[in-house]
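What follows is a set of notes on a single structure, which appears directly below.
Throughout, a chain's letter reflects where its sequence line sits, starting with A, and its residues are numbered from 1.
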Protein chains: 2
Amino acid sequence: MFRKLFTTGHKGRSCHEKRGYMKEKKEDRRIGRTRRLMHEALMSLIVEKGYEAVTVQDILDRADIGRSTFYAHYRDKDELLLSSFEHLRNLFEQQQQALIASMRTGQEPEVNFILELFRHTGEHQKLYKAIAGKQSGEMILKYLHRYLYNLLIEPHTLLMKNKKSPPVPVEITTHCLVSSLLSLLTWWLDNNMPYPAEKMDEIFRIMTTPTIEAAFGRKVQKNEYDKIVSRHPEGSLMAFYSHFIDSDCCPAG
Amino acid sequence: MFRKLFTTGHKGRSCHEKRGYMKEKKEDRRIGRTRRLMHEALMSLIVEKGYEAVTVQDILDRADIGRSTFYAHYRDKDELLLSSFEHLRNLFEQQQQALIASMRTGQEPEVNFILELFRHTGEHQKLYKAIAGKQSGEMILKYLHRYLYNLLIEPHTLLMKNKKSPPVPVEITTHCLVSSLLSLLTWWLDNNMPYPAEKMDEIFRIMTTPTIEAAFGRKVQKNEYDKIVSRHPEGSLMAFYSHFIDSDCCPAG
DNA sequence: ATTTTATCGAACACCATGTTCGTAATAAAA
DNA sequence: TTTTATTACGAACATGGTGTTCGATAAAAT
């Protein structure tokens, strides 16, 4: 009941409780259209003026929707942005699930998480520019950082299972690697993606494989992550590295 | 003339044009006091509620000063924050100049920029928490990133002088290393500095020396930066690494 | 003691947020 | 096609914050 939306304290709740703009069955067509307009308005405004400078009024003007309509769907602009992020994440995770399923049936040799992230960024560069580019907001960058950190801390910890005292605590290494990864993503987006995703993956690998080995105090073998992924009960995205540079990690001087 | 301060378009200009709160000769005592109050108010409010959530009204309330006084000194809260940053930077750079002077007279064996940055952070943790902690604002983090990037790009480029085509472009490596460094600083501040500055310097080195060697495609010898520093005409802070881990950069597996 | 300067509060115009409500239009269901 | 349900809307409102101006007061400098 739409009238219920205006009950104090229940702001921003549609009947279906889904605030991304991916449609589900039987959702009113108007809801999908209204939300798509708001998301597109926000994404373009972020790139133009930076997230913090964007006002709800700006979004209403750009999307050409009413103020009470906005507040019927979202609590504030942060919630709108988060739902854009959830949309992107769903797209990404569904794609990775499909790749992992292919890997299990032997159709795909491996899943390379970093490469897939760069590919996904290239495919949705407009959204990624708003969420991870220089004009994005600190709130969403922190959200993205936490997401990637949570994704990577477990395989890193599993790699350390038999080593009680690495030279650098795993959570510090992971924290800094994720910052580097996001920094690289931002650089790539802000410089209009001068290299293909494959090259970006290579660059990231060159910079971080030696870091992981030095920080963890052990050499990491090819396909080690894949074994972990295969054993992981939920089949989640654990393939941080599907293959590594050969063992001579320091190029001849 | 104070009255001049209210001329349209000349907002936030004191007669002395200095908006940090470090006094110079003959500045009215009231100016120093007022600015110190505003800076302290902003720093404490940032840590409490995060920079973006802090309003000018909050600052006025906390500092107990008048609205027109605030706008007589600063254009907006961003300018107030930037002047805090300039103050901190001046403190840091003066300290480094003194160390470099000592190094030249043989009293100090080397200047280790990273270690000095962590030490300085420890000494001014309140300010650094506001400027580099989790509650800081994106604007100042970008400012800090750019400052550190500009500081490090030149020694990195000098290291690459004779190598035309490193595996990773120097500006990408530097960009990512600065992101890691800031991330580590933020982690350290937000976790109430569980390790001493020396340990943080060691951690950073373990993670980044192999990265630099892999990304630059060459081994970096001890004291190489020092030689660059000594030759640099302005004696600026170029000693990125004063000494390195021994040449076996990959610990035995 | 006098002059200069900084700070102040009040007033003002402006802008944005977030809520409420009745109405109109659109979509879905019968 | 008609009926019912739902969504979107504009106007009105209270609230809070920004940034400017001005004359008065107090503090600092001379």
*asked:* In this structure, how many angstroms lie between the C1' atom of C:dA16 and the CZ atom of A:Phe70, rounded?
replied: 13 Å
*NZ/NE/NH1/NH2 to OD/OE distance under 4.0 Å, B:Lys49 and B:Asp58*: yes
_Length of the line joining A:Asp58:CG and C:dA16:P, which is rounded to integer Å_ = 7 Å
*D:dT20 phosphate, OP1 or OP2: any side-chain N/O from B:Arg67 under 4.0 angstrom?*
no
*Is it the case that B:Lys142 places NZ or CZ above or below the six-membered ring of B:Tyr147, under 6.0 angstrom from the centre and within 45 degrees of the axis?*
no
*Rounded off to whole Å, could you give me the CD-to-P distance for the A:Glu52 and C:dA16 pair?*
16 Å
*Check whether NZ of the Lys or CZ of the Arg A:Lys199 lies under 6.0 Å from the centre of the six-membered ring of A:Phe204 and within 45 degrees of that ring's axis.*
no
*asked:* Centroid separation under 6.0 Å, is that true for the rings of A:Tyr128 and A:His120?
replied: yes
*Counting just side-chain N and O atoms, does A:Ser68 come under 4.0 Å of either OP1 or OP2 of D:dC9?*
no
*Separation of B:Leu80 atom CG from D:dT18 atom C1', in whole Å?*
16 Å
*Once you round it to whole Å, what is the distance between P of C:dT17 and CD of A:Glu79?*
16 Å
*Applying side-chain contact (heavy atoms from CB on, under 4.5 Å), run through A:Leu181 and A:Thr208 and close with a yes or a no.*
CA-CA 9 Å; A:Leu181 176 58; A:Thr208 57; over 6 Å; no
*Under 4.0 Å between a side-chain N/O of A:His73 and OP1 or OP2 of D:dT7, yes or no?*
no
*asked:* Ring-plane angle category for B:His145 and B:Tyr149, please: parallel below 30°, perpendicular beyond 60°, tilted otherwise.
replied: parallel
N/O-N/O pairs, protein side and nucleotides 27-29 of chain D side, under 3.5 Å:
from, atom 1, to, atom 2, distance (Å)
D:dA27, N3, B:Arg30, NH1, 3.2

*Calculate the interatomic distance between A:Arg62 atom CZ and C:dA16 atom C1'; express it in whole Å.*
18 Å
_Measuring from the side chain of A:Tyr71 (C-beta onward, heavy atoms only), which nucleotide among C:dG18, D:dT7, C:dT20 has the closest atom?_
C:dG18
*asked:* Categorize A:Asp64 for me: base, sugar-phosphate, or nothing, with a 4.0 angstrom heavy-atom threshold over every strand shown.
replied: sugar-phosphate
*In whole angstrom, give the distance that lies between atom CZ of A:Arg75 and atom C1' of C:dT17.*
14 Å
*Among C:dA16, D:dT18, C:dC21, the nucleotide that comes nearest once only the side chain of A:Thr55 is considered*: C:dA16
*Ignoring backbone atoms, establish whether A:Thr69 has a side-chain N or O less than 4.0 Å from OP1 or OP2 of D:dC9.*
yes
_Under the ring pair (Phe, Tyr, Trp, His ring centres under 6.0 Å) test, residues paired with B:Phe118 that sit two or more places apart_ = B:Trp188
*A:Gln57 CD to D:dA11 C1', straight-line distance once rounded to whole Å*: 14 Å
_Side chain of A:Ile31 - closest among D:dT18, D:dG19, D:dA8_ = D:dA8
